[in-house]
Amino acid sequence: MTPVPEFDFCVVGGGLQGCLLAQALAHHRPEARVLLLERATELCGNHTWSFHETDVAVQARVWFDPLVAHRWPGYRVRFPGLSRRVAIPYATITSDRLREATLSLAGEAAGPARPGRLVIRTGESCEIRSPTSVRLGGHADVFCRTVIDCRGRAAPSGLPGGAGYQTFIGHEYQLDQRWPTSEPTVMDVRADQAGGFEFLYELPFGPDRVLLEYTRFNETPTCDEGRAAELISTRLAEAGVHAAKLVRTERGCLPMPYATASRNEGPAPAGGYAGGWYHAATGYSMPLAIRFAELVARADPERIALEVTAAASQERLRRGFAHFLNRLLFCLVRPEDRWKIFRRFYGVLPEERIARFYAHRFTFTDAARIVIGWPPAGLAPIRFAMSFVSLPGPVPT
Ligand SMILES: Cc1cc2nc3c(=O)[nH]c(=O)nc-3n(C[C@H](O)[C@H](O)[C@H](O)COP(=O)(O)OP(=O)(O)OC[C@H]3O[C@@H](n4cnc5c(N)ncnc54)[C@H](O)[C@@H]3O)c2cc1C
């Protein structure tokens, strides 16, 4: 006998994608009984997730906008020979804000499934058994009408088609004085690039609060803590900061894959990192995670798997292009020359093209405009060709 489903949706993974989906379901399907399962003891981890406001589809704004913790009318990029203000509104949602908003959907009291109330279970690793069942912590099974896999990335390395990596270390400071800028600097590439492409990312959250994040493009997923500390303290000194209290640290690593690496072959439709719903060339998840949440929450429940597959195949060419860019960057260009690719991107592209690129809505002509002029000095065409056959080691310097 088929068990009676206790929930309409069972969302496995309470990170960015799972929590955005819970928000979209609460808005579009207020009658649905939703279970959100997270193996960590709390939802959302420890992140600041930034995005261009142009990443957010108009129809998603009604449920997404209340999640935004910080907004700026534009941002800056700095390279040797180029400093540009990009007038695309930029914004951030934080783990704290998203966690709070998701917990508020669940209400105060724990209790059984009922329409319109999210049920959250944390602290147990779950196994997806079928499109309609999940095993909790190795024992009890839960049955629902639709399971959605939002379990994120399986492992930081070992991607089948090969990958480069973006590694990050971010320090958030409370200052006893004003920070000199009020808009973000998303790439500050003024440090010596001899050791490879690295930059500081700066988000002023308020007049006396700032996140400084060191980012490095690497052949391996390890981050250089010493170098991060050096560049962050140089920036604090340049800003004339005398006393800064470190209030939060975030660190991580994002693969920049050369080919699709997702869990799409699993029994349930997959979103977020698990399903390849992220921008492989920028590392930003937000545009595609919002799109996935809207898609699932608006779809006919009987057709979710089909619609997810169809939408994923519509993104196929863009994903392929993003993978191709990663391959170009890591296999064709010497580490010390990689920053020139980004300077060129910001130096030649108008804002509409930049916005479409980040939003994963770029057109064929946008793609052509991005690669025309590549590569600059330091190309290695034979290595690039070989990268289609096997994962290369670092480009020799
Ligand atoms: C330092 C850093 C900075 C970043 N900055 C940005 C940014 O500014 N903007 C942006 O758009 N993206 C950014 N990203 C990328 C973004 O964080 C990820 O792409 C995004 O979190 C992926 O969302 P997800 O829900 O698929 O995975 P996650 O957010 O990793 O969530 C997956 C969740 O599933 C849970 N889980 C896994 N397995 C199980 C299981 N078996 N049972 C139950 N739960 C399970 C995990 O514990 C986790 O909470 C950044 C990443 C890093 C590392």
Side-chain angles (χ1 to χ4, degrees), residues 10-23 35-53 55-56 64 67-70 75 90-95 98-99 102 120-129 134-138 142 147-156 165-172 184 186-187 201-203 211 213-216 221 223 228 248-257 261-263 266 268 270-293 358-360:
C10 180
V11 179
V12 185
L16 179 65
Q17 181 68 81
C19 291
L20 290 181
L21 179 55
Q23 295 292 327
L35 173 65
L36 177 61
L37 297 164
E38 166 56 44
R39 77 174 163 198
T41 48
E42 62 173 16
L43 301 173
C44 298
N46 167 27
H47 288 284
T48 39
W49 289 293
S50 298
F51 56 97
H52 294 70
E53 293 241 41
D55 296 347
V56 188
F64 182 79
L67 305 173
V68 176
H70 305 280
Y75 63 87
Y90 197 70
T92 290
I93 70 175
T94 57
S95 292
L98 185 56
R99 186 183 309 116
T102 310
I120 300 174
R121 288 185 65 154
T122 56
E124 279 179 318
S125 184
C126 309
E127 182 195 345
I128 300 177
R129 307 277 289 169
V134 172
R135 179 154 294 176
L136 305 182
V142 172
V147 175
I148 307 286
D149 181 357
C150 298
R151 288 176 297 168
R153 189 150 44 91
Y165 298 90
Q166 266 188 73
T167 57
F168 311 84
I169 298 180
H171 288 177
E172 186 174 333
V186 305
M187 280 186 189
Y201 172 79
E202 181 174 314
L203 288 183
L211 172 72
E213 191 162 272
Y214 169 75
T215 304
R216 184 181 169 92
C223 195
R248 193 176 66 88
T249 298
E250 81 177 73
R251 49 167 58 80
C253 160
L254 279 179
M256 300 181 74
S262 74
R263 289 195 185 122
Y273 238 102
W277 290 81
Y278 63 96
H279 195 317
T282 64
Y284 285 74
S285 263
M286 201 65 84
L288 288 168
I290 297 170
R291 222 175 290 169
F292 180 85
Y358 275 102
H360 215 262

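Remember, it's a predicted structure, so these values are computed and weren't measured experimentally. Counting convention: from 1, in listed order, for ligands and their atoms alike.
Taking the six-membered ring where tryptophan is involved, the planes of Tyr358 and Tyr284 are perpendicular, since the angle between them exceeds 60° and thus also 30°.
For the residues Cys126, Gly152, Gly275, the heavy atom positioned nearest atom 27 (O) of ligand 1 is part of Gly152. Closest heavy-atom approach to atom 48 (C) of ligand 1 among the candidates Glu38, Met286, Arg135: Glu38. Residue nearest to atom 15 (C) of ligand 1, selected from Gly283, Gly14, Gly45: Gly283 (by heavy-atom distance). Taking only non-hydrogen atoms, the option from Arg151, Glu124, Gln17, Arg153 nearest to atom 37 (C) of ligand 1 is Arg151. Counting only non-hydrogen atoms, the option in Leu16, Thr122, Thr167, Val12 that gets closest to atom 23 (O) of ligand 1 is Leu16. The option from Gly170, Cys150, Ala40, Gly123 that lies nearest to atom 32 (C) of ligand 1, judged by heavy atoms, is Cys150.
At a 3.5 angstrom cut-off on N or O pairs, Arg251 does not count as close to ligand 1. On a distance-only criterion, Tyr273 and ligand 1 share at least one N/O pair closer than 3.5 Å. Taking only nitrogen or oxygen atoms, main chain and side chain alike, Tyr278 does not reach within less than 3.5 Å of ligand 1. Some N or O of Trp49 is nearer than 3.5 Å to an N or O of ligand 1, by distance alone. No N or O atom of Glu250 sits closer than 3.5 Å to an N or O atom of ligand 1. At under 3.5 Å, not a single nitrogen or oxygen of Glu213, backbone or side chain, sits near a nitrogen or oxygen of ligand 1.
At least one side-chain heavy atom of Met286 sits under 4.5 Å from a side-chain heavy atom of Leu20. Using a 4.5 Å cut-off on side-chain heavy atoms (C-beta onward), Glu172 and Leu203 make no contact. For the pair Phe168/Leu254, a side-chain contact is recorded, criterion being any heavy-atom separation below 4.5 Å from C-beta on. The closest side-chain heavy-atom distance from Ile290 to Phe51 is not below 4.5 Å.
Taking every heavy atom of Gly272 and a limit of under 4.0 angstrom, the matching atoms of ligand 1 come to 26 (O). Atoms of ligand 1 found under 4.0 Å from any heavy atom of Ser125, numbered from 1 in the order shown, are 40 (C), 41 (N), 42 (N).
If you look at Thr92 next to ligand 1, there are no close heavy atoms at all, none under 4.0 Å.
Annotation: side-chain contact (heavy atoms from CB on, under 4.5 Å) contacts of Cys223 (sequence neighbours excluded): Thr167, Ile169, Tyr214. With sequence neighbours excluded, the residues forming a ring-ring contact (aromatic ring centres under 6.0 Å, His included) with Tyr90 are His52, Tyr75, listed by chain and number.
With rounding to the nearest 0.5 angstrom, the CD atom of Glu250 is 10.5 Å from the OG1 atom of Thr94.
Using a 4.0 Å cutoff on heavy atoms, Leu20 does not count as a contact of ligand 1.
A donor-acceptor contact under 3.5 angstrom links the side chains of Thr92 and Ser50, judged on distance only. Defined by atom type and a distance below 3.5 Å, a donor-acceptor pair is missing between the side-chain atoms of Ser285 and Gln17.
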